Number of protein chains: 2
Amino acid sequence: MTQITSEKILDVAQTLIAAGGYNGFSYADISDAIGIRKASIHHHFPTKAQLVSVLLQRYAKQAEDGLKSVSANLPNPIDQLQAYFDHWRSCITKASEPFCICAMLASEMELLPEDVASHVRRHFENLGGWLASVLKAGSKQELFKLGGTPENEAQILMASVHGAMLSARALGKPEIFAAIIAPQLARLTA
Amino acid sequence: MTQITSEKILDVAQTLIAAGGYNGFSYADISDAIGIRKASIHHHFPTKAQLVSVLLQRYAKQAEDGLKSVSANLPNPIDQLQAYFDHWRSCITKASEPFCICAMLASEMELLPEDVASHVRRHFENLGGWLASVLKAGSKQELFKLGGTPENEAQILMASVHGAMLSARALGKPEIFAAIIAPQLARLTA
DNA sequence: CTATGTCTACCTATTAGTAGGTAGACACCA
DNA sequence: TGGTGTCTACCTACTAATAGGTAGACATAG
């Protein structure tokens with residue numbers, strides 16, 4: 001509990017967005033969650049759009065750091081993909097963060113403030129880029145047998161991950177995430 | 001314009017949900033779209049939960065009819081899958097219905113009224129069941145080479161479709177839907 | 001003294017939903 | 001044929017609650 005208030009606000013906002021998206025939470029929800037008045041939240045983040053925008057900057061940095069450390073610590077592209085999948089499998093089965101907030105926001109794309117939307121778009125581009133680079137490296141080492149271009153295979157993997165999150169949530173079965181994702185890696189390494 | 005009002009309301013609601021989900025539209029939005037007072041919408045659908053619930057019943061019936069007619073008119077399981085994919089590719093590229101409303105609602109699952117949520121869950125079950133039955137039939141005819149059980153492959157296909165919708169929307173590139181989906185069918189028929 | 005953070009108290013717009021009434025179509029009965 | 005009741009569809013006008021956001025007072029720490 002030594003955490004500073006603005007970070008607590010962002011943490012709560014992230015949880016709330018993962019649960020219900022941009023239009024699914026309010027300043028009052030954050031207020032209730034951390035025991036601070038609505039007005040105090042506005043002191044830290046004047047508008048909702050700014051709050052979410054800052055949250056997405058933090059999220060992008062965390063994602064970048066995470067993917068970088070995966071690339072750095074695991075030399076094998078197979079292990080790199082596995083680590084990425086495992087991250088989400090763990091988040092989902094432990095219900096700690098059952099959904100990627102950028103995937104949540106992507107579904108609301110048409111209603112989002114412009115700069116929130118552009119952060120979301122950038123996240124999809126960055127993640128797609130990282131996956132493509134991992135696939136390309138693994139393909140060069142003949143660890144992967146790609147059906148198409150690395151970029152196209154990356155898009156397929158990313159879509160599978162997001163779709164698997166959705167199915168797990170819709171069916172109320174966290175384990176379905178792994179059931180959908182595991183065969184993807186198996187297919188690439190076959 | 002010979003359409004009756006309650007159908008018009010449902011049509012507009014479907015479009016609005018496809019755009020922004022359950023919490024992304026209001027009675028006022030519908031009111032604006034069809035030129036009728038808010039109170040008149042309440043006359044047809046007393047509550048928002050009921051409105052969406054009725055919409056999902058209609059949606060389920062349409063989906064069932066659609067899939068049944070696919071099964072009836074196309075004897076070949078490959079063509080059946082292709083027809084399903086083509087349906088969404090066409091909806092997305094023409095921007096006529098750029099997202100499955102059940103996929104939209106699934107992302108908001110945690111905030112939905114109970115009976116709306118159960119309709120959504122049922123849709124995922126039904127669609128998964130249909131895909132599994134198509135895969136099973138095709139597998140028996142040796143048209144498909146399945147990596148796992150028909151049920152598991154069905155889940156993978158469904159997740160790919162939903163994830164592909166999301167990517168197309170997030171990146172603002174409708175054509176990415178087909179780029180993700182086409183290889184799925186290719187893979188199964190290889 | 002000033003910067004930072006929190007508070008109370010407010011604002012305006014919008015939310016879902018309600019109360020009560022009107023105009024017209026239809027049926028049935030005298 | 002005309003009158004009465006009922007139904008559907010819509011309306012104006014309202015409510016309580018919630019949305020995002022603001023103004024200004026107060027406390028406290030450097």
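Atom set for the values below is all heavy atoms of this structure, side chains included, hydrogens, waters and symmetry mates excluded. Since the model is a prediction, treat every value here as computed from it, not as a measurement. Below, read A as the first sequence line, B as the second, and so on, with proteins coming before strands; counting in each chain starts at 1.
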Checklist entry - Roughly how far, to the nearest 0.5 Å, is the CD atom of A:E108 from the CE atom of A:M104? => result 6.0 Å
Item to check | D:dA9 phosphate, OP1 or OP2, under 4.0 Å from B:S40 side-chain N/O | outcome: no
Checklist outcome for this item: From CZ of A:R37 across to C1' of C:dC7 the rounded distance in Å is 8 Å
Checklist entry - How would you label the contact of A:F25 with the nucleic acid (heavy atoms, under 4.0 Å): base, sugar-phosphate, or nothing? => result sugar-phosphate
Next on the checklist: Side-chain N or O of A:T47 versus OP1/OP2 of D:dG20: is the shortest distance under 4.0 Å?
Outcome noted: no
Checklist outcome for this item: Atom OH of B:Y27 and atom P of D:dC11 are separated, to the nearest Å, by 15 Å
Checklist entry - Atom CZ of B:F45 and atom C1' of D:dC10: how far apart are they, to the nearest Å? => result 15 Å
Checklist entry - With respect to the phosphate group of C:dT15, does any side-chain polar atom (N or O) of B:S26 fall under 4.0 Å of OP1 or OP2? => result yes
Checklist outcome for this item: To the nearest angstrom, the CG-C1' distance between A:D29 and D:dG20 comes to 12 Å
Item to check | Phosphate OP1/OP2 of C:dA19: any B:H42 side-chain N/O under 4.0 Å | outcome: no
Checklist entry - On a plain distance test, is the side chain of B:K48 in donor-acceptor contact with the base of C:dG17 below 3.5 Å? => result no
Checklist entry - Would you find a donor on one side and an acceptor on the other, under 3.5 Å apart, between the side chain of A:Y27 and the backbone of A:T47? => result yes
Checklist entry - Over how many whole Å does the gap from B:N23 atom CG to D:dT18 atom P extend? => result 14 Å
Checklist entry - Out of C:dG17, D:dG20, D:dC10, which has the shortest distance to the side chain of B:T5? => result D:dC10
Checklist entry - Does the side chain to side chain contact (heavy atoms under 4.5 Å, CB included) test come out yes or no for B:V52 and B:L56, once each step is laid out? => result CA-CA 6 Å; B:V52 175; B:L56 288 181; 4.3 Å; yes
Checklist entry - Rounded to the nearest Å, what distance is computed from the CG atom of residue A:L16 to the P atom of nucleotide D:dA19? => result 11 Å
Item to check | Worked check of side-chain hydrogen bond (donor to acceptor under 3.5 Å, both in side chains) between B:E64 and B:N126 | outcome: CA-CA 9 Å; B:E64 197 192 326; B:N126 291 343; over 6 Å; no
Checklist entry - Of the candidate nucleotides C:dT6, D:dC10, D:dC11, which contains the atom at the shortest distance from the side chain of A:I36? => result C:dT6
Checklist entry - Between B:E153 and B:R187, is there a side-chain N and carboxylate O pair less than 4.0 Å apart? => result yes
Item to check | OP1 or OP2 of C:dC7 under 4.0 Å from side-chain N/O of A:H43 | outcome: no
Checklist outcome for this item: A:I41 CD1 to D:dT22 P, in whole Å, measures 14 Å
Checklist outcome for this item: Whole-Å distance, B:I34 CD1 to D:dC10 C1', equals 12 Å
